[in-house]
Number of protein chains: 2
Amino acid sequence: MAETIRTKGTASPRPLRRHEVAERIKRYIIDNRLRPGDLLPSEGELCEALGASRSSVREAVKTLDALDIVEVRHGHGTYVGRLSMSALVEGLTFRGLLSPDDDFKVLEELVDVREVLERGMAQRILDTLHADHITALEELVDEMEAGLAAGQDVIGIDRRFHALLVEPLRNEIISQFSSACWDVYGIVAPHLHVITKQDELDTVNAHRAVVAAVRAADPLAFDRAVEAHYRPARRRIAAARERNAKAAAQNGS
Amino acid sequence: MAETIRTKGTASPRPLRRHEVAERIKRYIIDNRLRPGDLLPSEGELCEALGASRSSVREAVKTLDALDIVEVRHGHGTYVGRLSMSALVEGLTFRGLLSPDDDFKVLEELVDVREVLERGMAQRILDTLHADHITALEELVDEMEAGLAAGQDVIGIDRRFHALLVEPLRNEIISQFSSACWDVYGIVAPHLHVITKQDELDTVNAHRAVVAAVRAADPLAFDRAVEAHYRPARRRIAAARERNAKAAAQNGS
DNA sequence: ACTTATTTGTTCGTATGTATG
DNA sequence: TCATACATACGAACAAATAAG
């Protein structure tokens, strides 16, 4: 009944694996100089072109979709992906939600990463940041203060501030990685009840100090300001950890 | 086993989508406190427990496999993954091989990232690095010099040096990210003929200067040494870019 | 508003390759 | 060698989303 397709005449030892299909799709994109957003052949065409079954092609496409190398739209087609770091965000988020021994390790590490990136770029930020950028940073701080007074959620502004701080470097990887760390923090922190609205006033002042250091083009002041900026976040994490430890002790006794 | 997966008492209106299957597998891992390497239910059990077909479960598992959240071993079973940054490596590698406008942008950015990380951690590296670590660093430089004299490939030693430099921070994300950037560089650079064996002698001296600065616990010297260390890499990339531009001009005329 | 064609999403049945005992 | 359990792979059929006429 089933016409078993042996085709083993001179074929490779293994017919075709999922991984090979994925590799050949990537090669197709590279060789044809496709750009993010460009349309790829349909599943049926890929099956015929690669000599693989639809199931194998689909599984291969799904792995590429998870890496944002391709983007699949139902009823539409398959396109070249945006090459974002969405996979990193999902992976780190899962790690943060998983870790059973120390739930707060990942959060501390994320704060570390952002601080290290900004302190490590200090000199280059001061060299490349121009007047209009600094003005934009200052406006964001003003907006943050006003929003805070009105009881609004200022995390979005905070995020834009740091993205703008890193942006003039024109380094896509650093910008996206920093942004990814922010995403993960925003997802994981609420689950561990780290987010509080207390010391956001301190945060505004910390941002002001950063802007002042940038305007003065003072590397040492910038370094100190950035360090001071991340201190409250570390304190919140430590406080949440202690709360958690106490709750666990009560629960265990 | 089957019942423990179900988190919904009532059946969902739509049967089940691939994405939902993936989310529920992740929840299963988190809720059951599984650790990397632990065995997951087989495909058949997942199908029954989640009420999904084999294909849907397989495609969902493949997306999680791409993120290293699970790890599938043929004929063995499906296990919780190592949560590495393999997805980031694959994504960045593809981006580096793709970029048509400026092939060398990604390489420059990768060098930037590594330099920014090490310079940003300068103070903390000096604070936490102990005598035995410094000795190990020095031995690696000696080994590098000896290997270079024997005409061996010292890139592995170079890699270990920087991993050791970052290691005492005990920050998994930074260590893995730095390592991932190194991986990508090692894959992409040969494709663009950036790797040369010329100025490896300079590299050895640059490493010696870094070690000396660490031993002296001198932040400023450390900063200068790290910057000097990455300078040859930037020069190689710029040289390769010029070569490429000339070749393109000849080809186009 | 309706139909039709195209494309991806989902499911089932079957056969094959791989590792364990 | 055989049996078992697992993932891998193929192919066919139908459902759902989208676009164009």
Side-chain angles (χ1 to χ4, degrees), chain A residues 1-9 11-25 28-29 34 37-82, chain B residues 1-2 5 11-25 28-29 34 37-82:
Chain A
M1 183 185 293
E3 348 134 23
T4 51
I5 320 165
R6 301 289 280 180
T7 65
K8 286 248 181 168
S12 49
R14 303 184 189 115
L16 265 183
R17 294 193 315 277
R18 194 176 58 252
H19 189 262
E20 289 177 346
V21 174
E23 288 302 317
R24 290 178 67 175
I25 292 177
Y28 174 86
I29 296 174
L34 298 187
D38 288 351
L39 182 63
L40 265 65
S42 70
E43 287 180 352
E45 292 171 312
L46 286 175
C47 291
E48 195 176 358
L50 302 178
S53 73
R54 194 172 165 217
S55 308
S56 298
V57 170
R58 280 184 59 79
E59 288 180 13
V61 168
K62 294 307 164 296
T63 65
L64 297 180
D65 183 87
L67 304 175
D68 203 20
I69 288 177
V70 307
E71 183 186 341
V72 181
R73 272 178 281 183
H74 189 170
H76 232 271
T78 305
Y79 301 81
V80 178
R82 255 62 196 176
Chain B
M1 173 74 69
I5 287 184
S12 44
R14 303 258 180 274
L16 266 184
R17 292 193 313 280
R18 192 178 57 252
H19 189 262
E20 291 177 342
V21 173
E23 288 302 316
R24 291 177 66 175
I25 293 176
Y28 173 85
I29 297 174
L34 298 186
D38 288 351
L39 181 64
L40 266 65
S42 70
E43 285 183 354
E45 291 172 310
L46 287 175
C47 292
E48 193 177 358
L50 302 177
S53 74
R54 207 172 200 87
S55 305
S56 296
V57 170
R58 281 182 60 78
E59 289 179 9
V61 169
K62 294 307 166 297
T63 66
L64 297 180
D65 183 89
L67 304 175
D68 204 19
I69 289 177
V70 307
E71 183 185 342
V72 182
R73 271 177 282 184
H74 191 158
H76 237 269
T78 305
Y79 301 80
V80 178
R82 252 62 195 178

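In what follows, every chain begins at residue 1, and chains take the letters A, B, ... in the order their sequences are listed. Just so it is clear, the values below take in all heavy atoms, side chains as well, and ignore hydrogens, waters and symmetry mates.
Considering only side-chain atoms of Ser53(B), the nucleotide from dT8(C), dT11(C), dA9(D) that sits closest is dT11(C). Considering only side-chain atoms of Ser55(B), the nucleotide from dT11(C), dT8(D), dG9(C) that sits closest is dT11(C). Closest to the Ser42(B) side chain, of the nucleotides dT11(C), dA7(D), dC10(D), is dA7(D).
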**Report entry** Tyr79(A) and Leu34(A): CA distance, side-chain angles, deciding distance, side-chain contact (heavy atoms from CB on, under 4.5 Å) verdict
**Finding:** CA-CA 10 Å; Tyr79(A) 301 81; Leu34(A) 298 187; over 6 Å; no
Requested in this report: Would you check, one step at a time, whether the test side-chain contact (heavy atoms from CB on, under 4.5 Å) holds for Arg18(B) with Arg58(A)?
Outcome: CA-CA 12 Å; Arg18(B) 192 178 57 252; Arg58(A) 280 184 59 79; 3.7 Å; yes
Requested in this report: May I have the step-by-step check of side-chain contact (heavy atoms from CB on, under 4.5 Å) for Leu46(A) and Val21(A), ending in yes or no?
Outcome: CA-CA 9 Å; Leu46(A) 286 175; Val21(A) 174; over 6 Å; no
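Summarising the geometry, atom CZ belonging to Arg17(B) is positioned 13.5 Å from atom CD belonging to Glu59(B); distances are rounded to the nearest 0.5 Å. In this structure, Glu43(A) CD and Ser56(A) OG are separated by 11.5 Å, a value rounded to the nearest 0.5 Å.
Arg54(A) places its CZ atom 8 Å from the P atom of dG9(C), with the value rounded to the nearest Å. Residue Glu20(A) contributes atom CD, which lies 10 Å from atom P of dC10(D) at whole-angstrom precision. Separating the CD atom of Glu59(B) from the P atom of dA7(D) is a distance of 16 Å, rounded to the nearest angstrom. Between Glu43(A) atom CD and dA15(D) atom P the separation is 18 Å, expressed in whole Å. Computed from coordinates, the Leu46(A) CG to dG11(D) P distance equals 15 Å when rounded to whole Å. Here dG11(D) presents its P atom at 13 Å from CG of Leu50(A), a figure rounded to the nearest Å. Per the geometry, CG belonging to Leu39(B) stands 14 Å off C1' belonging to dT20(C), to the nearest Å. Look at CD on Glu45(B): it is 11 Å from C1' on dC6(D), rounded to the nearest Å.
In terms of the side-chain contact (heavy atoms from CB on, under 4.5 Å) criterion, residue partners of Thr78(B) (sequence neighbours excluded) are, by chain and number, Leu40(B), Val61(B), Val70(B), Val72(B).
OP1 or OP2 of dC10(D) lies within a sub-4.0 Å distance of a side-chain N or O belonging to Ser56(A). Proximity of Lys62(B) to the phosphate of dT8(D): a side-chain N or O atom is located under 4.0 Å from OP1 or OP2. Distances shorter than 4.0 Å separate some side-chain N or O of Arg58(A) from OP1 or OP2 on dG9(C).
Near-neighbour residues of DNA chain C inside residues 70-80 of chain B, defined by a heavy atom below 4.0 Å, number-ordered: His74(B), Gly75(B), His76(B).
When all heavy atoms are compared, the tightest approach of Ala22(B) to Ala60(B) is N-CB, 3.8 Å.
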